[in-house]
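Both ligands and their constituent atoms are indexed starting at 1 by order of listing.
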Amino acid sequence: MIQRPRGTRDFGPAEMSRRRKVEEAMREICHRFGFGEVVTPTFEQSELFTLRSGQSIIDEMYVFKDKGDREMALRPEITASVIRFFVSEMSNQPKPLKLYYVGNCFRYENPQSGRYREFFQLGAELIGSENPETDAEVISLAVHCIRASGLQDFHVRVGHIGVMKSLVLREVQDPVVAGKVLRMVDKEDFDAMGDMFDANSLSRNLFDRITTLADTRGGTEILDSVDDAEAQQYLKELFEILKLQGVEDVELDLGIVRGLDYYTGMVFEIDAPKLGAEKQILGGGSYTLSELFGGEAVFSTGFAIGIDRVMLALEAEQEQPEYTPLDAYVVPTEDAMRKYAFAITSKIRSKGLRADVDLMRRSMSKNLKYAASAGARFAVIVGKEEMAKRSVTLRDMKSGEQTLVPADFVADELEKLLSKG
Ligand code: HAM
């Protein structure tokens with residue numbers, strides 16, 4: 001048997017139905033906020049990502065040579081592709097641009113629950129504007145998307161990468177070492193950071209300042225302890241606007257240093273505490289990338305939601321909704337009724353209801369068993385006696401109750417019954 005690749009998954013109809021519902025709810029919110037959908041290729045020239053996405057992502061990329069000997073990569077994320085698209089085809093459009101996307105991403109990681117080699121993101125990028133209200137709009141969109149998924153227990157943290165970056169870059173002369181320090185702060189790997197400080201003869205005092213800053217979390221009152229006046233004022237305004245947008249449960253966290261290298265200012269993350277180790281369901285922030293791809297430097301703010309993790313968090317939090325893939329399953333009582341059953345099925349489908357019909361030439365009792373196991377809400381029994389009265393029998397698969405209805409109105413009757421639940 002051929003196994004599917006490690007870290008990838010197959011999704012069956014019940015799971016896909018739940019995933020699509022969540023995705024649709026989030027798409028609807030994106031449209032409400034004035035964002036339009038874009039789709040970019042699943043693979044890109046690997047340079048698109050190596051230019052700025054950050055070492056950890058590059059180490060995890062699926063890279064391959066195509067038949068023309070060009071180095072390609074499966075996309076590890078979608079932000080770089082959207083900005084490439086913007087630079088090459090949309091840079092003359094009036095700003096800001098509000099774009100969103102849904103797609104699969106690939107990272108060669110150590111698979112575990114919530115961490116996959118192929119996973120799905122819904123993300124948004126607001127391009128061409130840089131101010132607290134832009135960042136607030138994007139954070140607000142992110143929070144509304146998560147709310148729309150139905151998730152109750154989640155935690156929003158907002159920080160400013162400039163504060164930690166300026167401290168580290170000011171005090172650590174070697175940019176390679178500085179980059180490593182920032183990555184260790186991102187991973188909260190302070191033991192390894194201590195070893196690296198010793199190996200590079202960096203001061204304990206700096207180590208303490210970095211760990212204290214990484215631990216600085218709380219309400220807006222901690223803003224007064226931010227010694228970067230510009231970041232302080234920026235965050236103050238941002239939190240004010242968020243409050244006016246009804247997004248209040250937000251923690252200020254100066255320890256957020258995101259793994260991707262392109263962030264310049266505000267950074268934010270959303271966690272679902274029930275998920276344990278892989279609890280981050282969303283990450284984002286403000287950045288510039290366009291100048292790297294040959295365009296003008298344009299500020300943007302965006303985020304991406306890990307849909308797989310949102311689904312896991314929803315599973316941990318709520319009962320899974322019942323899956324009823326069919327409104328009706330049409331059952332002929334005998335061979336002579338089979339063709340007529342197709343006409344009835346067609347009538348039901350043309351009303352927009354989901355209907356299926358026996359294709360296996362089963363007996364009526366086996367068909368009723370099948371209808372139950374296929375998750376049909378109603379069975380439509382097409383028999384000789386009913387036919388003589390130009391009628392069919394509707395059987396409620398939950399209660400077993402049966403009603404005779406005129407064949408011409410079968411779809412209307414089903415609709416009425418379905419609306420009752
Ligand atoms: P990211 O934090 O690398 O950011 O990924 C965003 C989200 O994707 C994570 O919070 C997580 O939920 C999910 N995710 C990441 N890796 C995996 C994985 N291996 N398995 C399952 N889920 C995963 C970005 O990708 C940026 N492009 C976000 C952004 C957009 N920043 C600005 N604009």
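Ring to ring, Tyr329 and Tyr370 are close: their centroids are under 6.0 angstrom apart.
Counting atoms of ligand 1 from 1 in the listed order, those under 4.0 Å from a heavy atom of Tyr287 are 32 (C), 33 (N). Residue Glu125 has at least one heavy-atom neighbour below 4.0 Å for each of these atoms of ligand 1: 30 (C), 32 (C), 33 (N). Listed by number with element, the atoms of ligand 1 under 4.0 angstrom from any heavy atom of Gly302 are 30 (C), 31 (N), 32 (C), 33 (N). Per-residue contacts place Gly283 under 4.0 angstrom from the following atoms of ligand 1 (heavy atoms of the residue considered): 10 (O), 28 (C), 29 (C).
Of the heavy atoms in Leu282, only backbone atoms (N, CA, C, O) come closer than 4.0 Å to ligand 1. With a 4.0 Å heavy-atom cut-off, ligand 1 is reached by the side chain of Tyr262 but not by its N, CA, C or O. At a heavy-atom cutoff of 4.0 Å, ligand 1 is contacted by no atom of Arg117, backbone or side chain. Residue Glu109 touches ligand 1 through its side chain alone, judged by heavy-atom distances below 4.0 Å. Using a 4.0 Å cut-off between heavy atoms, Ile281 contacts ligand 1 through its backbone alone, with no side-chain atom that close. Contacts between Glu269 and ligand 1 below 4.0 angstrom, taking non-hydrogen atoms only, are absent altogether.
The closest approach between a heavy atom of Cys105 and any atom of ligand 1 is not below 4.0 Å.
Closest heavy-atom approach to atom 21 (C) of ligand 1 within the set Ser113, Gly114, Gly306, Ala80: this belongs to Gly114.
At a threshold of 4.5 Å between non-hydrogen side-chain atoms, the residues Thr42 and Phe106 count as touching. Residues Lys180 and Pro175 fail the side-chain proximity criterion, which asks for heavy atoms closer than 4.5 Å.
Between Phe119 and Pro76, the shortest heavy-atom distance links the atoms CZ-O, 3.9 Å.
Considering backbone and side-chain atoms alike, Gln121 places an N or O below 3.5 Å from some N or O of ligand 1. Checking only distances, Tyr263 does come within under 3.5 Å of ligand 1, N or O to N or O.
The pair Arg157-Glu269 meets the salt-bridge criterion, since a charged nitrogen lies less than 4.0 angstrom from a carboxylate oxygen. A salt bridge is defined here as a Lys NZ or Arg NE, NH1 or NH2 lying under 4.0 Å from an Asp or Glu carboxylate O, and Arg19 with Glu23 fails to meet this definition. For Lys98 and Glu125, the salt-bridge test fails: no basic side-chain N is under 4.0 Å from an acidic carboxylate O.
The salt bridge (charged side-chain N to carboxylate O under 4.0 Å, His left out) check on Lys347 picks up Asp408, with sequence neighbours excluded.
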Would you be so kind as to tabulate the donor-acceptor pairs closer than 3.5 Å made by side chains of residues 191-198, with sequence neighbours excluded?
none

